[in-house]
Amino acid sequence: MARGKQPNKPQRTPKVHRAVVTRTVDDFEAAFWPDEQPVDNAVVMTMGALHEGHAALIRAARKQVGREGRVAVTVFVNPLQFGPGEDLERYPRTLDDDVRLAEEHGADVVFAPSAEEVYPNGEPQVRMAAGPMGERFEGATRPGHFDGVLTVVAKLLHITDPDFAFFGEKDAQQLAIIQRMVADLDFDVEIVGVPTVREEDGLALSSRNRYLSAEDREHALALSKALFAGRDAAAQGPKAVREAASAALDGAEGVTLDYLALIDPHDFSEAADDFQGEAVLAVAAKVGPTRLIDNVRIIVR
Ligand code: PAF
């Protein structure tokens with residue numbers, strides 16, 4: 001008999017990390033702080049429809065807090081950040097799959113509250129204001145969007161009270177505004193940005209990609225190609241970056257451009273022609289009926 005093989009002994013199944021799913025603030029608190037032991041903890045905020053990009057956030061959170069620390073994933077489709085005619089009703093809701101992915105990548109607790117749990121007094125009368133940083137680019141096309149994002153992020157930071165909160169660099173403007181809120185209003189949390197995850201052909205992962213037809217998906221590749229063309233011109237300065245990216249998008253089939261911009265990440269304003277240093281080259285466009293955003297971080301010389 002081969003060494004170690006004991007036919008009559010029951011096979012040991014590998015230990016599966018299970019996440020506790022909670023729906024109320026009280027249940028969340030009981031699950032996230034089961035005892036008084038002081039351990040590092042981290043939160044990954046999502047609207048569900050989790051994919052490999054979220055998995056990267058959860059893994060980064062787990063790595064940050066270590067085996068002993070605690071990781072929470074929030075799943076809440078926040079009505080405040082959707083404008084009229086946006087896809088609130090149609091936004092994918094896939095909680096069972098989300099829980100599976102979250103626990104597979106190291107979450108201890110999933111907090112999936114109802115709108116009534118998050119906003120028990122109905123629509124909040126007092127909200128966070130993103131200010132000028134929230135009025136440009138995404139904010140120009142989606143007025144009030146970042147006020148809605150900040151309002152729920154502030155609430156979820158209060159509820160989860162983490163040491164670290166992880167957000168994707170794919171939503172570069174959101175990340176910059178959250179970092180600014182935390183700095184300007186003295187929130188006691190470290191905001192950590194995690195690089196965008198892409199398919200092999202360059203398409204940035206997004207929960208909205210599931211709306212793309214095969215043809216739209218092909219057309220959507222024009223966005224990352226334009227960003228990569230801009231990135232390749234980074235050594236020649238801002239003008240060259242803009243020209244290379246916009247030439248790559250010129251005549252792209254099935255793409256209706258909203259903006260293509262080289263951005264100073266500190267205040268999320270358009271980078272001047274003599275800008276040097278770390279910048280965000282960002283694009284937003286409709287591909288078929290689906291609005292997509294993407295960006296790359298580049299060092300402009
Ligand atoms: O990036 C998102 O999924 C959302 O904007 C967030 C941060 C979870 C707030 O609803």
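Order of appearance sets the numbers: ligands from 1, and atoms from 1 within every ligand. A quick note: this is a predicted structure, and the numbers were derived from the prediction, not measured.
- The shortest N or O to N or O distance between Q174 and ligand 1 is below 3.5 Å.
- Side-chain atoms of R208 do not come within 3.5 Å of backbone N or O of T290 as any donor-acceptor pair.
- At under 3.5 Å, not a single nitrogen or oxygen of T46, backbone or side chain, sits near a nitrogen or oxygen of ligand 1.
- The protein atom (non-hydrogen) at minimum distance from atom 10 (O) of ligand 1 is Q81 OE1, 2.6 Å.
- When each atom of ligand 1 is checked for a heavy atom of M45 under 4.0 Å away, the hits are 8 (C).
- Here is the list of ligand 1 atoms found below 4.0 Å of a heavy atom in V152: 9 (C), 10 (O).
- Between F28 and F111, the two ring planes are tilted [angle within 30° to 60°].
- At least one donor-acceptor pair closer than 3.5 Å links the side chain of D98 to the backbone N or O of L50.
- At least one donor-acceptor pair under 3.5 Å links the side chain of N41 to the backbone N or O of D163.
- Remark: R90 qualifies as a cation-pi partner of Y211 under the 6.0 Å distance and 45° angle criteria applied to the six-membered ring.
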